[in-house]
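Numbering of ligands and ligand atoms starts at 1, following listing order. Residue indices begin at 1 and follow the sequence shown.
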Amino acid sequence: MAAKIIKGTEVAKEIRQELKREVEELKSKHGVTPGLVTILVGEDPASVSYVTAKQRTAHDLGFYSVQDNQPADISEEALLDLIDKYNKDPKIHGILVQLPLPKHIDETRVLYAIDPKKDVDAFHPVNVGKLLIGEPDFLPCTPHGIWQLLIRSGAKIEGAEVVIVGRSNIVGKPMAAILMQKHPNANATVTVCHTKTKDLAFHTRRADILIVAAGRPKAITADMVKEGAVVIDVGVNRIGTTPEGKAILCGDVDFDAVKEKASMITPVPGGVGPMTITMLMYNTVKAAKLAAGIKD
Ligand code: NAP
């Protein structure tokens, strides 16, 4: 039987509607308007389009939103001063520095300069550590989005064998940290695979929930997936362009074949992608509430 398609676009819309209501309530009851600044260095077209999408969403949700464009040759010190300015700005609750930064700037130094309470990407070591010990303020956006897709699709996470392909700091590692927590919507047994994993298929075939973030087009074929598994495809690979110049995208999973075997599966595009920006907005609302001392 063909799998149920997990439509990230629809789940993201649902969460944005919830956030919009929450923002209205924050404004009317508490006089708090969530504020997000996105800092863009240079004019890389992909970065411009990501930042534009983030700003558009923030605006649609009723945030106070600031787009701060800086020239590609800005010095590291000047960028650090800018972050310091936003760290001190009470109207700003979330600071997002669009990556990648130009080569002359130390990305780590810049990300670590963001006040952890305004670190809505959750890349700061304080937030990484808090996640690991099970007391997070913020969850990184892509794994948080995947978690929401699993929960809202009714996937059984507790006690599940979860296999994650990929161990990056932005997807694989935090995903493992979220799902292994002693928490009702987690409590999974998690295996993390990478390029030195001896027999990838041995692990993927055991997975009740298979999460793939390798950045390798169609690396996961149907013979690597257990009958009835829930498959989350994080990969976004450009495999060509249409005659109109639009990118043709595919995931890390051979969708057409795997959907015949899985019980649920995310498509690419329209699966995990739309969730990432949505969870950035979620984190900004949370940062605003934390700053104002408002409990959930
Ligand atoms: P990354 O930093 O390149 O990490 C890829 C990971 O996959 C590494 O841990 C690598 O292992 C592992 N890997 C690669 N090929 C493998 C193979 N054949 N077998 C087993 N493991 C393999 O990538 P990332 O930033 O996590 O992103 C992964 C993919 O997700 C990319 O396509 C990216 O575009 C996409 N992505 C999508 C979103 C979204 O919002 N939709 C967000 C983030 C990322 P080693 O550690 O051994 O090198």
- Where do Lys88 and Asp84 land on the salt bridge (charged side-chain N to carboxylate O under 4.0 Å, His left out) test, with the steps shown first? CA-CA 6 Å; Lys88 290 176 179 147; Asp84 188 48; 2.8 Å; yes
- Query: Where on Thr276 is there a heavy atom closer than 4.0 Å to ligand 1, on the side chain, on the backbone, on both, or on neither?
  - Reply: side chain
- Message: List ligand 1 atoms under 4.0 Å from Val165, heavy atoms only on the residue side.
- Response: 20 (C), 21 (N)
- Query: In chain order, what residues pass the salt bridge (charged side-chain N to carboxylate O under 4.0 Å, His left out) check against Glu10, with sequence neighbours excluded?
  - Reply: none
- Do the charged groups of Asp81 and Lys85 touch, with an N to O distance under 4.0 Å? no
- Residue-ligand contact Ala213/ligand 1, heavy atom below 4.0 Å: yes
- Look at atom 15 (N) of ligand 1 and find which of Arg216, Met175, Lys196 reaches it with the closest heavy atom. Arg216
- Report the nearest protein non-hydrogen atom to atom 42 (C) of ligand 1: residue, atom name, distance rounded to 0.1 Å. Thr142 OG1, 3.3 Å
- Item | Shortest protein heavy-atom distance from atom 12 (C) of ligand 1, along with the residue and atom involved | Gly166 CA, 3.9 Å
- Does Asp68 have any side-chain hydrogen bond (donor to acceptor under 3.5 Å, both in side chains) partners at least two apart in sequence or in another chain, and if so, which? Gln70, Tyr86
- Message: Regarding Thr38 and Gln67, do their side chains bring together a donor and an acceptor under 3.5 Å, going by distance alone?
- Response: yes
- Protein heavy atoms: any of them under 4.0 Å from atom 36 (N) of ligand 1? yes
- Item | Check: Asp115 main-chain N/O paired with Asn87 side-chain donor or acceptor under 3.5 Å | yes
- Query: Considering only the protein, which heavy-atom contact is closest to atom 14 (C) of ligand 1, and what is its distance?
  - Reply: Ala214 O, 3.5 Å
- Quick one: nearest non-hydrogen protein atom to atom 44 (C) of ligand 1, plus distance? Val171 CG2, 3.9 Å
- Task: Please confirm whether Ile170 comes under 4.0 Å of ligand 1, counting heavy atoms of the residue only.
- Result: yes
- Protein contact of atom 33 (C) of ligand 1 - nearest heavy atom, named by residue and atom, plus distance: Val236 N, 4.2 Å
- Task: Measure from atom 8 (C) of ligand 1 to every heavy atom in His194, Arg167, His203 and give the option owning the shortest one.
- Result: Arg167
- Message: Just to confirm my output: which protein heavy-atom neighbour is closest to atom 30 (O) of ligand 1, and how far is it?
- Response: Val234 O, 3.4 Å
- Could you find the nearest protein heavy atom to atom 19 (N) of ligand 1 and give me its residue, atom name and distance? Leu200 CD2, 3.8 Å
- Can you confirm whether something in the protein, heavy atoms only, sits under 4.0 Å from atom 3 (O) of ligand 1? no
- Item | Gly273 heavy atom under 4.0 Å from ligand 1 | yes
- Query: Going hydrophobic residue to hydrophobic residue with side-chain gaps under 4.5 angstrom, can you get from Val51 over to Leu82?
  - Reply: no
- Message: With a 4.0 Å cut-off on N to O distance, would you call Lys286 and Glu22 a salt bridge?
- Response: no
- Task: Indicate yes or no: does Asp137 engage Lys130 in a salt bridge with an N to O separation below 4.0 Å.
- Result: yes
- Item | Parallel, tilted or perpendicular: rings of His124 and Tyr112 (30°, 60°) | tilted
- Heavy-atom closest pair (Pro116 atom, Asn127 atom, distance to 0.1 Å) is O-ND2, 3.1 Å
- Note on the structure: atom 10 (C) of ligand 1 sits nearest the protein heavy atom Thr195 CG2, 4.0 Å
- Item | Ser168, Pro140, Pro269, Gly251: member with heavy atom nearest to atom 1 (P) of ligand 1 | Ser168
- Is it true that a side-chain atom of Asn283 and a backbone atom of Leu139 form a donor plus acceptor pair closer than 3.5 Å? yes
- Message: Heavy atoms only: which of Cys193, Cys250, Gly215 lies closest to atom 31 (C) of ligand 1?
- Response: Gly215
